[in-house]
2 protein chains.
Amino acid sequence: MKIPEQLEEVIKHFSSFQGIGEKTATRFALSLLNWDKTRISHFSEAIENLLTVGKCPKCGFLAVENECRLCEQSNHRHTHQICVVESITDCMAIQKSLTYSGHYHILNGVLNPLMGVGPEEIGVEGLLSRIQERNYTEVILAINSTVEGDATCSYIRDQLPEKVRVERIGFGLPMGGSLEYVDALTITKALENRKQF
Amino acid sequence: MKIPEQLEEVIKHFSSFQGIGEKTATRFALSLLNWDKTRISHFSEAIENLLTVGKCPKCGFLAVENECRLCEQSNHRHTHQICVVESITDCMAIQKSLTYSGHYHILNGVLNPLMGVGPEEIGVEGLLSRIQERNYTEVILAINSTVEGDATCSYIRDQLPEKVRVERIGFGLPMGGSLEYVDALTITKALENRKQF
């Protein structure tokens, strides 16, 4: 095809996003051409500015020049609780629910020995030393219920001293979900986790 | 949510693409953070470079500083045929099929009087004067079969002198398509457009 290489370059970058094929990438690139010039420049600058964003060395959340908004506010939050998640997006999802007011710790994914991902790769050491230093008494494992997630939770629990209360988030029927359409394992969990009403 | 504003800015831009919601935009922005720094800079530059890309004043295809690759090559192509399409993506689709070797003209969409889109808005005037100047003898209307597309085709045909042969692309069963799943109108067209075998 005889399209300008400037456009081809942008298409190449867009199509490297997960779930974006060449057609969608082309659609994105062509729609950019309809933006006004200042908006294109702003978009370009915004992407360049991402270079200042990294990960907080303490909690693993997003940080700009090592200043993490979660850690900054940590004194205003419950200082005995720490919630462990496997990704930044999971942390953002919990923040959105507005129901948790303790600290967070974001791991680098979950254990996956078959793929060579061990405790070091996901940063368990940093979590353990942080729990010890800051004397957290309650660790909430908000890690998804996959085989790897389960293994990660067991591993972390076994590494923690007994005085620390370790909890895992509840599993069951999602709100608005229907028993008819939910899988058998979720129903099993929902029955196991029943509460007096 | 307590995410850095640098990231929020990028999310805002991504979510202005058609079909991209806040969640997907966030996923894109976070995946950018995992790219290495030079790649992020290249992406940013690539977008900035789009500012040099515009539309060819002659044919309406993409042009860099008014140099359009389609028009540059026009002498090496069949000079009596012109194919009229409603968008750059449609033109690219035809180019990909490698079966057409005449000239192209890209309209600015199709007529849509209810939305205030008349012949001037889609640039019919430019097409007509180009056909007259260059003495094209064959005009192929490769415009989609919507109500607006049909109206646009009729309008253009009526504006052209009788000596110009005006054709519309064929409609029928798509290759690999199954009569069982195709709509009634397509079957009607396929029967109308049958050919001796």
Side-chain angles (χ1 to χ4, degrees), chain A residues 1-14 16-20 23-24 26-33 35 37-55 61-65 67-73 87-89 91-93 95-96 104, chain B residues 1-14 16-20 23-24 26-33 35 37-55 61-65 67-70 72-73 87-89 91-93 95-96 98 104:
Chain A
M1 265 189 308
K2 290 163 195 64
I3 63 168
E5 50 204 43
Q6 287 87 339
L7 203 75
E8 263 175 9
E9 192 69 16
V10 172
I11 292 172
K12 204 185 72 191
H13 280 113
F14 275 134
S16 67
F17 289 120
Q18 211 195 353
I20 300 299
K23 272 206 178 158
T24 313
T26 308
R27 190 163 57 78
F28 287 172
L30 286 172
S31 74
L32 273 177
L33 290 179
W35 289 16
K37 302 215 162 200
T38 48
R39 201 165 149 217
I40 294 181
S41 295
H42 284 160
F43 185 29
S44 165
E45 274 167 38
I47 286 168
E48 185 77 33
N49 287 341
L50 281 185
L51 292 175
T52 60
V53 180
K55 278 186 181 175
F61 194 65
L62 301 166
V64 180
E65 284 148 11
E67 272 185 43
C68 159
R69 291 205 208 171
L70 282 185
C71 289
E72 267 171 32
Q73 297 199 333
S87 70
I88 288 168
T89 36
C91 175
M92 282 155 71
Q95 279 184 60
K96 254 191 185 162
Y104 285 98
Chain B
M1 266 188 310
K2 289 163 195 63
I3 62 167
E5 51 203 44
Q6 287 87 340
L7 203 76
E8 262 174 8
E9 192 68 16
V10 173
I11 293 172
K12 202 186 75 194
H13 280 113
F14 276 134
S16 68
F17 289 120
Q18 210 194 357
I20 300 298
K23 271 206 179 160
T24 313
T26 309
R27 190 162 59 77
F28 286 171
L30 286 172
S31 75
L32 273 177
L33 291 179
W35 289 17
K37 303 214 163 199
T38 47
R39 202 167 149 215
I40 294 181
S41 296
H42 284 160
F43 185 28
S44 165
E45 275 166 39
I47 287 169
E48 186 77 33
N49 287 341
L50 282 185
L51 292 175
T52 59
V53 180
K55 278 185 181 174
F61 194 66
L62 301 166
V64 179
E65 283 148 13
E67 273 185 42
C68 161
R69 292 204 207 170
L70 283 185
E72 267 170 33
Q73 298 199 333
S87 69
I88 288 169
T89 37
C91 175
M92 282 156 69
Q95 280 185 60
K96 255 192 186 161
L98 302 174
Y104 286 99

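What's counted below: heavy atoms across the whole structure, side chains too, no hydrogens, waters or symmetry copies. Here is how names work: the chains are called A, B, and so on, in the same order as the sequence lines, proteins then strands, and each is numbered from 1.
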Smallest separation among heavy atoms of A:Ala46 and B:Val10, with atom names: O-CG2, 3.4 Å
Parallel, tilted or perpendicular: rings of A:Phe43 and B:Phe43 (30°, 60°): perpendicular
Residue pair A:Asn49 / B:Glu9, side-chain heavy-atom distance below 4.5 Å: no
Spacing of CD1 belonging to A:Ile20 relative to OG1 belonging to B:Thr24, to within rounding of 0.5 Å: 8.0 Å
Which of A:Glu48, A:His42, A:Lys12 touches chain B most, by non-hydrogen pairs under 4.5 Å: A:Glu48
Donor-acceptor pair, side chain of B:Arg27 and main chain of A:Gln18, under 3.5 angstrom: yes
Portion of A:Thr52 that has a non-hydrogen atom of chain B nearer than 4.5 angstrom: side chain
Contact leader toward chain A among B:Lys55, B:Gln73, B:Glu45, where contacts are heavy-atom pairs under 4.5 Å: B:Gln73
Any B:Val64 side-chain heavy atom under 4.5 Å of A:Gln6 side chain: yes
Choice from A:Pro4, A:Ser31, A:Ser44 maximising heavy atom contacts with chain B below 4.5 Å: A:Ser44
Smallest separation among heavy atoms of A:His13 and B:Arg39, with atom names: NE2-O, 4.1 Å
B:Leu33 CG to A:Leu51 CG distance, which is reported to the nearest 0.5 Å: 9.5 Å
Interface moiety of A:Ser41 toward chain B, non-hydrogen atoms closer than 4.5 Å: both
Region of A:Glu67 that comes under 4.5 Å of a non-hydrogen atom in chain B: neither
Atom pair CD1/CD1 of A:Ile47 and B:Ile40 - distance to nearest 0.5 Å: 9.0 Å
Aromatic plane relationship, A:Phe17 with B:Phe14 - under 30° parallel, 30 to 60° tilted, over 60° perpendicular: perpendicular
Heavy-atom pair of closest approach, residues B:Arg69 and A:Glu5: NH2-N, 3.3 Å
Interatomic spacing from CH2 in B:Trp35 to CG in A:Leu50 - rounded to 0.5 Å: 10.5 Å
Flag side-chain contact, heavy atom, 4.5 Å: A:Leu62 against B:Leu30: yes
